[in-house]
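We use all heavy atoms of the structure for the numbers below, so side chains are in, but hydrogens, waters and symmetry mates are not.
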Amino acid sequence: MTSSNNVFRGPNAVADFFDPDQNPPVPLVEIPESLNPHRKDGVRIYAKLLTHLPAQNVKSLPALKMLRAIPEAEKKTIVEASSGSTVLSLGIFARVLWRNEDVNAYVTNKKHPESLNMLRFFGITPHLYGGLAQQEPTDPIGIMCRLRRLAKNREGIVYPGQYDNENNWKAHEQWTGPQILRQLPEINLFCTTVGTGGCITGTSSYLKSQKPSVRTLAVFNVFGDPTPGPRHFENFNSCGFPWAQTVDKFINVASVDSYRMSMRLSREGLIAGPSSGQALKGLLDYVSQLKETDELSQLADPATGEVSCVFTCSDLPYQYLPMYFQKLGSEEFPSIQNEILLQCDQLKHDERWILNPSAAEQLLHPKTTFSSSYKNAADVSELTLEPVTKSKQVYTLQPTPKLTLFRSCFGSLLKSTKPRTVSHKSLCCTIHTPNPLLTPLVLDLRSKAAFRNKHIPGSLSAPLEGLTPDLVDGDLFGDPETVFDMWNSIQTHFSAKEMLRVLKDADWSRRPVVVVCYDGEASKLATSTLRDKGIEAFSVQGGFSALQKWL
């Protein structure tokens, strides 16, 4: 009985949500004419969105029926030869029905690591096997037969066995077939891809039992060219399900066509994976064949003259995304704009590393003891700094006189043309000689001239090549080419021996570093670079122009 308003309550709410008998039928949606070149010929094509089942794949129906038939699986280890939808559904249902979290997937070692991680995400343990990826269910040394023997010989193990468990195809006879006929009584042609054979056997058995004129099309992989989920006919021919009397026609579809059609479906709003694209491509090819032989009219409804077709959408595309870009040409996808940014500025940025002028002034002119858990840069009574190492660092900075700015302050400046030794006593000038025990290290990236005109007492001039006061009108991150240039300049800058010597100086190793530029933008790039080197660095919002108001 369908839940009122599709709301599920109480201790069994999730289990009820997964029960097809308590849900409305999954949607049956006619595809747009952009995907149906035969619409003018009276052909109407509908997608049966089995992706709208609670587990979002076609295998959830067999998984539910198989587990319901094995109540002892509640307290046993469940094993299945599957790398995708079937074992995912078993894992979900075992947990939902019984809180059984011991589900194991036996997976080909050719599977993409992302697919293995998806299994692990759902709490399913992957067991890899070598050799052929798609093995014959009847192969005596294949993975399915090994699992049958394992379950037979060990009391605590249950193997549902999707390839020969009759509850697989009977689930579709119970739910999928009746739903389709109820939704579309005028159906003339049913089409689906074939994996274990459960969906095509069960759905077609029901449809033909109620409407014998319905024709069934089975879509297979091209031999040696797999699409995830379906199988090639040679590998399926030994299936023990009663499929032979339910299938009228077989057709093969290449994987590249499957992925392309899946992408087209998804772009039109019917989000579905490659096996769904394969089903639609097979259906379209078959209708073309019928047109060429003038057989299409034989399927048409006598009253309307239309041919109503249904194909299944079995799973979603997301777990297969890398394969779309391997199978299809780059011209089939929109290009990435500002792609140059993938070659730079890939390190972490964090707004907690950007001090507002008030917080920066408090750091440079401390009024309290600073701790090492940076919470709020705007808190001028207590400033806390986030450590970049695992060890807790505490900066004990005693109050000092109010710092002031001096004009025409000449001191030791970092020169990129002539390496030299830089000591703390020569960081700025004789008037502004800093005490390394009292102040952070301030790196000033502005030009030598700007530094000589005015600077923060105790700071170190480290002019950055290419940095100017009017760089891209202050909108550095709005210009990808300039970001690329500045990023590379900063990498060179902080890799120079003289700079590394200063940053690794023992006296400064436990001090934060404040990076200052004209407007605070280039210093964000510098800060992310220093943080990546394990240095506790900060930039200042608004740069030197904003900071000098506070000093």
Side-chain angles (χ1 to χ4, degrees), residues 18 20 50-51 53-70 73 77-97 100-108 111-112 115-116 118-129 133-137 142-148 150-151 157-176 192-203 221 226-231 235-236 239-241 243 273-276 312-316 318-320:
F18 276 86
L50 297 170
T51 50
L53 289 163
Q56 300 182 334
N57 68 74
V58 64
K59 299 296 188 179
S60 61
L61 298 177
L64 175 59
K65 194 167 182 66
M66 286 190 296
L67 287 184
R68 281 180 172 177
I70 318 171
T77 296
I78 299 172
V79 300
E80 183 59 68
S82 168
S83 60
S85 298
T86 299
V87 78
L88 286 176
S89 298
L90 287 172
I92 293 170
F93 278 115
R95 209 178 278 253
V96 168
L97 295 176
N100 183 345
E101 301 178 8
D102 191 4
V103 177
N104 299 260
Y106 284 74
V107 185
T108 171
K111 203 67 177 175
H112 195 281
S115 297
L116 300 178
M118 184 177 66
L119 295 176
R120 298 168 65 203
F121 173 83
F122 281 97
I124 297 165
T125 303
H127 299 254
L128 302 182
Y129 63 83
Q134 288 188 342
Q135 299 187 0
E136 283 276 3
I143 186 62
M144 291 81 153
C145 285
R146 289 206 299 271
L147 291 179
R148 290 189 198 102
L150 181 67
I157 292 180
V158 166
Y159 170 51
Q162 61 170 325
Y163 289 92
D164 51 18
N165 190 324
E166 288 198 345
N167 284 303
N168 181 342
W169 67 267
K170 288 185 176 180
H172 294 287
E173 184 182 51
Q174 179 179 350
W175 290 306
T176 309
T192 187
T193 53
V194 181
T196 62
C199 183
I200 195 165
T201 301
T203 306
N221 290 335
T227 294
R231 302 168 78 84
N235 190 247
F236 169 74
C239 173
F241 297 157
W243 58 268
S275 65
S276 310
T312 57
C313 291
S314 299
D315 64 1
L316 297 170
Y318 306 115
Q319 62 178 307
Y320 311 110

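- Lys170 meets the salt bridge (charged side-chain N to carboxylate O under 4.0 Å, His left out) test with Glu166; sequence neighbours excluded.
- A pairwise comparison of heavy atoms in Pro274 and Tyr320 identifies CD-CD1, 3.3 Å as the closest pair.
- Among pairs with a residue in residues 77-96, those fulfilling salt bridge (charged side-chain N to carboxylate O under 4.0 Å, His left out) read Arg95-Glu101, at least two apart in sequence or across chains.
- Closest approach of Phe122 to Leu88, counting heavy atoms only: CD1-CD2, 3.5 Å.
- By the ring pair (Phe, Tyr, Trp, His ring centres under 6.0 Å) test, His127 is found to be paired with Tyr106, residues two or more places apart in sequence or in another chain being considered.
- Here Thr312 pairs with Leu50, Phe190, Thr192, Cys199, Ser314 under the side-chain contact (heavy atoms from CB on, under 4.5 Å) rule; sequence neighbours left out.
- Tyr163 is linked by a side chain to side chain donor-acceptor pair (under 3.5 Å) to Arg231, counting only residues two or more places apart in sequence or in another chain.
- Contact annotation: the side chain of Leu53 never approaches that of Val58 to less than 4.5 Å [non-hydrogen atoms, C-beta and beyond].
- For the atom pair Arg148 CZ and Cys145 SG, the distance stands at 4.5 Å (nearest 0.5 Å).
- Take Ala55 and apply the side-chain contact (heavy atoms from CB on, under 4.5 Å) test, not counting sequence neighbours, and it matches Phe18, Asn57, Ser60, Ser89, Ile92.
- By the salt bridge (charged side-chain N to carboxylate O under 4.0 Å, His left out) test, Arg68 is found to be paired with Asp19, residues two or more places apart in sequence or in another chain being considered.
- Using a 4.5 Å heavy-atom threshold, the side chains of Asn104 and Ile124 count as separate.
- With sequence neighbours left out, the side chain to side chain donor-acceptor pair (under 3.5 Å) criterion links Gln174 to Lys65.
- Here the CG-OH distance, from Leu150 to Tyr159, works out to 10.5 Å after rounding to the nearest 0.5 Å.
- Remark: Thr77 pairs with Asp102 by the side chain to side chain donor-acceptor pair (under 3.5 Å) rule, at least two apart or across chains.
- When every heavy atom of Thr196 is checked against every heavy atom of Cys239, the shortest pair comes out as O-SG, 3.5 Å.
- Scanning for side chain to side chain donor-acceptor pair (under 3.5 Å) contacts around Thr86 gives Gln162, with sequence neighbours left out.
- With sequence neighbours excluded, the residues that form a side-chain contact (heavy atoms from CB on, under 4.5 Å) with Asn165 are Met66, Asn167.
- For Gln56, the side-chain contact (heavy atoms from CB on, under 4.5 Å) partners are Leu316, not counting sequence neighbours.
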